[in-house]
Amino acid sequence: TLKAAIDNADYVLPDGAGVVMASKILGSPLAGRAAGFDVAKELLALLSKGEKRLFLLGAKPGIGQKAAEKIAGQYPGVVIAGIQHGYFNEDSEVLDGIKAARPDVLFVALGSPRQELFMQRNRKELNAVMLGIGGSLDVFAGEVKRAPDFFIRHNLEWLYRLSKQPSRFFRMMKLPAYILRAFAWRITGRTGK
Ligand code: UDP
C-alpha cells in the first residue's frame, strides 16, 4: 500500500501544501514544502560535481530524452546513464535496463502513487538512490511550466496546476477531507497511525 511505501522509505519529503497545513494543525509544523522538482535540482547540482550516473524513469516517450538534454546542458558533470518512459505494464519490462545502466541516482517520475509503489517494490533490487519526482521530467523537458514564483511563495502551486489541468480537480477533492481529518486527530489526540 501507499502507506507502507511511505512508512518504509529512507526519507520522506513534504511535497504538497496539504501536508504542510496538516503538520501545522497537528502542532509540529514543517518549515515548508520540499517540492520534488526543487529537491531534484539540488541533487543534480551535487551530482554534477561528482560525475555521478543518473537514470531517468518516467513520463511519456520522448520526454526523457528532452529532459536529459536540458539536464546535461545545465549540469555538465552529470552522466545520463539511461532513459526509460513511464508507460510500461510490468516492472520486469524495465528493471534489467535500469540495472545494466548502473545508475547512482534514479529519478522516478511515474506520478503518485505509482512511483512510491514502484520504489517500494524495487528498492532492494536497484542499488541506487531513488527520488520520486512526479511530473518533473515534463518540466525539465520544457513541456510543462512550473508555476510563477508568486504561486509557489503563497503555497498556491496547486491552484496554478489546477487551472492548467482541470482534470486534477477530482484527485484534489481528497484534500479537504484530509485537512478535516487532521483537525479530528488534533482533537482526539491521535496521530493517524
Ligand atoms: N506517468 C508515467 N506513467 C504513468 C502515469 C504517469 O510516466 O503510468 C507520468 C506522466 O507522464 C507525468 C507524471 O507521470 O510526467 C505525473 O505527473 P503529475 O504531475 O500528475 O505527478 P503527481 O502530481 O501525480 O506527482
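All values below come from the heavy atoms of this structure, side chains included, with hydrogens, waters and symmetry mates left out. Read the numbers this way: they start at 1 and go in the same order the structure lists the ligands and their atoms.
- For the atom pair T1 OG1 and E116 CD, the distance stands at 11.5 Å (nearest 0.5 Å).
- Proximity to G111 (heavy-atom distance under 4.0 Å) selects the following atoms of ligand 1: 13 (C), 14 (O), 16 (C), 21 (O), 24 (O), 25 (O).
- Of all the heavy atoms of L110, the ones lying under 4.0 Å from any atom of ligand 1 are found in both the backbone and the side chain.
- For ligand 1 and G134, the ligand atoms under 4.0 Å from any heavy atom of the residue are 13 (C), 17 (O), 21 (O), 25 (O).
- Look at R161 and you'll find a heavy atom under 4.0 Å from some atom of ligand 1.
- Taking the ring centre of F151 as origin, the terminal cationic atom of R33 falls outside the region bounded by 6.0 Å and 45° from the ring axis.
- In H85, neither the side chain nor the backbone holds a heavy atom less than 4.0 Å from any atom of ligand 1.
- Taking 4.0 Å as the cut-off between side-chain N and carboxylate O, E143 and K60 do not count as a salt-bridged pair.
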Practice prompt. Show your reasoning for whether side chain to side chain contact (heavy atoms under 4.5 Å, CB included) applies to Y11 and L131.
Written response: CA-CA 9 Å; Y11 56 90; L131 183 65; 3.7 Å; yes

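- Using a cutoff of 4.0 Å between basic side-chain nitrogens and carboxylate oxygens, D138 and K66 are not scored as salt-bridged.
- Among the atoms of Q115, none of the N or O lies under 3.5 angstrom from an N or O of ligand 1.
- Atom 10 (C) of ligand 1 has Y87 OH, 3.3 Å as its closest protein atom, hydrogens excluded (heavy atom only).
- Some N or O of G86 is nearer than 3.5 Å to an N or O of ligand 1, by distance alone.
- At least one heavy atom of D138 lies less than 4.0 angstrom from ligand 1.
- Remark: the backbone N or O of V20 is paired with a side-chain donor or acceptor of S23 at under 3.5 angstrom.
- Here is the list of ligand 1 atoms found below 4.0 Å of a heavy atom in G135: 13 (C), 15 (O), 17 (O), 18 (P), 19 (O), 21 (O).
- The protein non-hydrogen atom at the shortest distance from atom 9 (C) of ligand 1 is A109 O, 3.5 Å.
- Under the 3.5 Å distance criterion, the side-chain polar atoms of Q115 are matched with a main-chain donor or acceptor of G111.
- Once rounded to the nearest 0.5 Å, the distance linking NZ of K174 with CZ of R181 reads 11.0 Å.
- Counting heavy atoms under 4.0 Å from ligand 1, residue R171 touches it through the side chain alone.
- The distance from the CG atom of D38 to the OG atom of S136 is 8.5 Å, given to the nearest 0.5 Å.
- The G58 neighbourhood of ligand 1 comprises atoms 7 (O), with distances under 4.0 Å to a heavy atom of that residue.
- Applying the 4.0 Å criterion to heavy atoms of R114 picks out, from ligand 1, the atoms 3 (N), 4 (C), 8 (O).
- With rounding to the nearest 0.5 Å, the separation of CZ in F118 from CG in L95 is 5.0 Å.
- Of the protein's heavy atoms, A59 N, 2.9 Å lies nearest to atom 7 (O) of ligand 1.
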